[in-house]
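Remarks on the structure that follows.
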Amino acid sequence: MADLLLDPAVSFALKDVLRTWEVRDPVDAARDARLLAEVLERRADEAVSWTV
């Protein structure tokens with residue numbers, strides 16, 4: 001994780017999450033991260049989809 005926090009290509013938003021979630025139970029954090037990824041992927045799909 002330290003390498004991500006030092007990487008200038010990693011967004012500030014992700015770095016904030018990593019710092020905040022560092023103290024959380026890793027199982028809970030992983031579960032929440034998967035759910036968050038699913039929600040954001042659906043949102044991204046909706047944003048780029050269009051109907052004919």
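Taken to the nearest 0.5 Å, the CG atom of Leu14 stands 10.0 Å off from the CH2 atom of Trp21.
Leu6 and Met1 fall into different hydrophobic clusters, defined by Ile, Leu, Val, Met, Phe, Trp and Tyr side-chain heavy atoms under 4.5 Å apart, directly or through other members. Residue Leu36 is not grouped with residue Val17 when hydrophobic side chains (ILVMFWY) are merged at heavy-atom distances under 4.5 angstrom, including chains of intermediate members.
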**Request:** Could you go through the side chain to side chain contact (heavy atoms under 4.5 Å, CB included) check for Leu5 and Val10 one step at a time?
**Result:** CA-CA 7 Å; Leu5 294 173; Val10 175; over 6 Å; no

**Asked** Where do Lys15 and Leu4 land on the side chain to side chain contact (heavy atoms under 4.5 Å, CB included) test, with the steps shown first?
**Response** CA-CA 7 Å; Lys15 289 178 182 180; Leu4 291 174; over 6 Å; no

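Salt bridge Asp28/Arg31: present, at least one basic N to carboxylate O contact under 4.0 Å.
Scanning both residues, Asp32 and Arg24, for their nearest heavy atoms gives OD2-NH2, 2.6 Å.
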